[in-house]
Every structure is written in structure tokens, then in C-alpha cells.
J.: 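Sharing a structure, written as C-alpha cells. Questions coming.
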2 protein chains.
Amino acid sequence: MAQSETGRRGSYAKGVAKREEILARALDVIAREGYRGASVKELADAVGLSQAGLLHYFDSKEELFTEILRKRDELDSIGQGLSGDIEHGLTADDDIDLAAVRAGYLGVVRHNADVPGLVHLFARLSVDAADPEHPAHDYFVQRGTGLRHFIATAIAAGQASGDIDDRIDPDVLARLFQAVADGMQLQWMLEPDVDMTTAVGALFELITPRPAGDASRG
Amino acid sequence: MAQSETGRRGSYAKGVAKREEILARALDVIAREGYRGASVKELADAVGLSQAGLLHYFDSKEELFTEILRKRDELDSIGQGLSGDIEHGLTADDDIDLAAVRAGYLGVVRHNADVPGLVHLFARLSVDAADPEHPAHDYFVQRGTGLRHFIATAIAAGQASGDIDDRIDPDVLARLFQAVADGMQLQWMLEPDVDMTTAVGALFELITPRPAGDASRG
DNA sequence: GTCTATAACGGGATAGAC
DNA sequence: GTCTATCCCGTTATAGAC
């Protein structure tokens with residue numbers, strides 16, 4: 001248990017910076033070269049450190065990977081600066097609408113196509129983190145909660161304004177959205193030709209009472 | 001590469017039987033005690049063989065696990081005897097309706113709650129199998145295709161009879177269903193309290209034009 | 001702070017006895 | 001057909017030099 005926190009002492013500043021640099025680099029490497037049960041060694045090579053050198057900054061492999069995920073979320077989340085919000089509960093509930101959710105989702109899908117390794121890592125960890133003992137368990141729980149809150153808020157707003165079918169509870173619908181996102185991701189990993197956009201677009205269409213809903217809000 | 005096929009010679013009969021017994025036993029153990037990156041050794045112990053003894057029947061660890069999954073599918077698939085159909089393309093397309101899909105799904109959900117280890121193994125492998133080189137890759141592709149075909153057929157029928165919203169292409173909807181099933185499974189693994197049924201019920205509700213659709217067909 | 005070297009372990013696979 | 005024994009590999013983690 002070394003410096004798991006973000007620099008509580010002045011002299012840690014350098015170390016923290018290096019940590020960040022390592023994470024950024026690792027993210028980059030995994031994104032491009034893929035994650036095939038990546039070992040600390042592999043990552044160390046990519047980062048330009050020895051295995052021991054890398055573990056100097058992270059207490060264990062699992063902590064390292066959890067940090068990588070967290071960093072990824074920090075960099076590109078649903079919108080642009082959503083990630084902070086996801087973790088702390090959203091700040092400005094009002095200017096969230098389904099168009100934003102949709103746009104954000106499309107952006108993520110587009111981006112993910114460029115970083116298959118990260119997607120793989122993410123999927124892998126989300127399964128492993130099912131174990132309550134796993135270091136990333138809480139991370140995934142919180143991430144899911146925040147994400148659903150974000151979506152549910154948008155849905156509730158849409159229902160209030162009559163744009164969205166109000167038969168379904170917003171929280172339930174949010175779960176549905178999350179499930180579809182994760183599930184389609186899985187299908188895409190298995191068969192990269194599938195178009196995640198179509199399925200999600202269908203879901204959007206299903207929740208709109210009107211027949212033709214191309215974009216924008218009513 | 002030993003006897004990967006099902007008994008091509010008479011004298012293999014015993015071996016095949018033993019294989020089956022091993023798989024059944026392994027399934028049972030994983031179901032109850034969970035799958036935590038299970039090793040061949042662990043499984044061998046559970047089955048009452050040595051590691052080498054077990055590998056006498058399976059060429060590699062990965063083949064073993066793929067076989068386990070296949071066996072699971074054989075035993076409990078969506079309906080009762082669906083699995084064979086899934087693999088070979090459905091036989092009787094006519095008597096499939098959404099009620100059957102729904103009932104089948106509910107059955108699986110209920111059953112899965114009793115075998116968390118299997119669910120975990122399945123999820124783990126479906127991620128790993130994204131790699132085209134993975135021995136279970138084709139299995140998952142085929143399984144998905146069959147499953148979606150099954151669902152799409154039911155949907156198409158429902159649309160024809162006016163029970164289902166016909167805005168969405170059946171194949172796309174089928175993907176959506178699969179995604180929801182997989183995605184909810186993931187959420188459930190992370191937080192066992194979530195009720196998979198509710199979300200899927202919501203999806204069913206979304207695709208029915210009518211407000212109150214409790215069960216049965218129109 | 002970073003390296004080399006190595007410990008300590010566990011994995012899957014294989015050889016060979018029975 | 002099954003076991004024991006062993007091999008060889010890769011893993012994480014640590015000790016200690018620089």
C-alpha cells in the first residue's frame with residue numbers, strides 16, 4: 001500500500017506526474033496494440049520501464065489496471081466532461097436531454113472503434129469485477145450508477161415533455177440503455193461488422209411515440 | 001489433437017461416455033462453487049481425476065472449457081430442447097411466438113440465478129472469444145446467430161399479426177434483445193439484487209403497441 | 001527512481017510407469 | 001486409462017545494486 005492517493009505530500013508531485021504519464025502511455029498502447037491478458041511486463045516495455053520500475057508506481061497489477069480504466073473514463077466519457085459528473089452525481093440536471101445522450105453514445109461508439117484493445121480490457125474487467133473482492137468492483141458499480149442516473153434524468157425530462165413513451169419507469173429504461181450499450185459492445189467485439197448504431201437507434205425509436213424521429217428534440 | 005469428435009470409432013464409446021460424465025460433473029462444480037479463473041487442476045480434483053488424467057480427454061484447457069459451455073447449452077437452453085435447433089437452424093418456425101421467447105427467457109433467468117459460477121464462466125468466455133483465434137469463437141458466433149434467428153422469427157410473426165410494433169426490423173430487434181439479455185446479465189453479476197426480469201419486461205412492453213399486455217398472445 | 005536479478009509460485013502440457 | 005513426476009513457461013512481487 002504505497003501512494004494510492006493523489007499526492008498527499010509535496011515531494012510526491014513528481015511521482016504523481018509520472019504516474020499520469022504512465023497511465024496515458026499505457027492507455028495508448030492498449031488502445032492500439034490490444035489487450036490480450038496483458039501482463040505488467042508488456043505494459044512496462046511499452047511504457048519504457050522495467051517491470052519492477054512500473055510496479056514502483058502501482059502496488060499491484062490489478063490496481064494498475066483499475067487505474068488505467070479510471071484514466072480512460074477521465075479522458076473520454078459519454079459527453080466531454082461527463083466523467084467527473086458520473087462519479088459525483090450530476091451537477092446540472094436541466095440541460096441534459098436525450099439528444100445529448102444519443103450524441104454522446106454515438107461519439108463513444110465511433111471512438112471505441114479506434115481503440116479495440118481498450119474496449120476489450122474494459123469488457124474483461126467488467127466481468128472480473130463482478131467479484132466483490134475485485135479492486136475494480138466499486139469502480140464499476142459507481143460508474144454504472146452514475147451513467148444510469150445521467151440517462152434516467154434525460155429520459156424523465158423527455159417523458160415530461162411528451163417526447164418519450166412514458167409507460168416505462170426512467171430508471172428501468174436507463175438500465176435497458178446500459179444493457180444495450182454493453183451488450184452491443186459484446187456483439188461488436190465478436191463480430192466487428194455489426195453496427196452498434198443501428199440497434200441503439202432502434203431503441204431510441206421504440207421509446208419515441210412518433211413514427212418518424214430523425215434527430216433533434218420536438 | 002486427440003478425439004475431439006464424438007466417437008468416430010467403436011472403441012471410443014467408453015471414452016465418450018467418460019467425457020460426458022466429466023463435463024456433467026464439471027458443470028455441476030462450476031455452477032455451485034463458482035468459476036474463479038478455474039484451472040484444469042481444480043476441475044480435475046472436483047471430477048476425481050488428476051490433472052493429467054483429465055487432459056487425457058481434452059486436448060487443452062481451452063477446449064475443455066469450450067466443451068463445458070457447449071454442454072451447458074445442450075442441457076438448458078432458452079426453451080427446453082432449443083439448443084439443437086439453435087445450432088442447426090430452427091426446424092418448426094411456425095409455433096414460435098413471443099410468448100415462448102419470453103417464457104424461455106424468464107426460465108433462463110431463474111435458472112441462472114442458481115448457477116452463478118456458470119454465468120460467470122460464460123461471460124468471461126464470451127469476452128475472450130472475441131479473439132478470432134479463440135477456440136470458442138465460432139461457438140459464440142453460431143450461438144448468437146441461432147439465438148437471434150429464433151427471436152427474429154418470433155418477432156416477425158408478432159409483427160405480422162399486429163401484436164408488435166412494426167417500425168423496427170426483426171433482425172435489428174433481435175440484436176437488441178440479445179444485447180439486453182447479455183447486458184442485464186452483466187449488471188446482475190455486478191449487483192445480484194437487480195431484477196433482470198423488469199428490464200426485459202420493459203422491452204417487451206416497448207415493442208407492444210398496446211398499453212396493457214400481461215401475457216399470452218392476441 | 002530505476003535497474004537487474006531472482007524468488008516464489010502456479011499454470012498447462014508431456015513422458016513414462018503401471 | 002490413469003497416475004506421478006517433471007518440465008518449462010510466464011506471472012507477480014521483492015531485494016539489493018547503482
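Within every chain, numbering begins at 1; the chains are lettered A, B, ... in the order of the sequence lines, protein sequences first and strands thereafter.
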J.: The test is side chain to side chain contact (heavy atoms under 4.5 Å, CB included); show your working for Asp128(A) and Arg124(B) and say whether it passes.
T.: CA-CA 8 Å; Asp128(A) 290 354; Arg124(B) 191 25 136 54; 3.0 Å; yes
J.: Quickly work out the Asp45(A) CG to dT4(C) P distance and round it to whole Å.
T.: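 After rounding, the reported distance stands at 11 Å.
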J.: Answer whether the closest heavy-atom distance between the side chains of Tyr105(A) and Thr197(A) falls below 4.5 Å.
T.: no
J.: Please give, in whole Å, the distance from dG1(D) P to Arg19(B) CZ?
T.: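 From Arg19(B) CZ to dG1(D) P: 12 Å.
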J.: In this structure, how many angstroms lie between the C1' atom of dC3(C) and the NZ atom of Lys18(A), rounded?
T.: 13 Å
J.: Strictly under 4.0 angstrom, non-hydrogen atoms only: write out the protein contact profile of nucleotides 12-18 of chain C, one letter per nucleotide from the 5' end, B, S or -.
T.: BBB----
J.: How close or far is atom P of dT12(D) from atom NE2 of His56(A), stated in whole angstroms?
T.: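 Checked: the NE2 to P distance equals 18 Å.
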J.: How close do Leu176(A) and Ala202(B) get, heavy atom to heavy atom, and via which atoms?
T.: CD2-CB, 4.4 Å
J.: When you measure from the centre of the six-membered ring of Phe204(A), is the NZ or CZ of Arg102(A) closer than 6.0 Å and no more than 45° off the axis?
T.: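 Here Arg102(A) passes the 6.0 Å and 45° test against Phe204(A).
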J.: Does the structure place the NZ or CZ of Arg72(A) under 6.0 Å from the centre of the six-membered ring of Phe122(A), at an angle of no more than 45° from the ring's axis?
T.: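 Output yes; distance and angle both within limits.
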J.: Taking C-beta and beyond as the side chain, do Asn112(A) and Leu118(A) meet within less than 4.5 Å on heavy atoms?
T.: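 With C-beta onward as the side chain, the pair stays apart.
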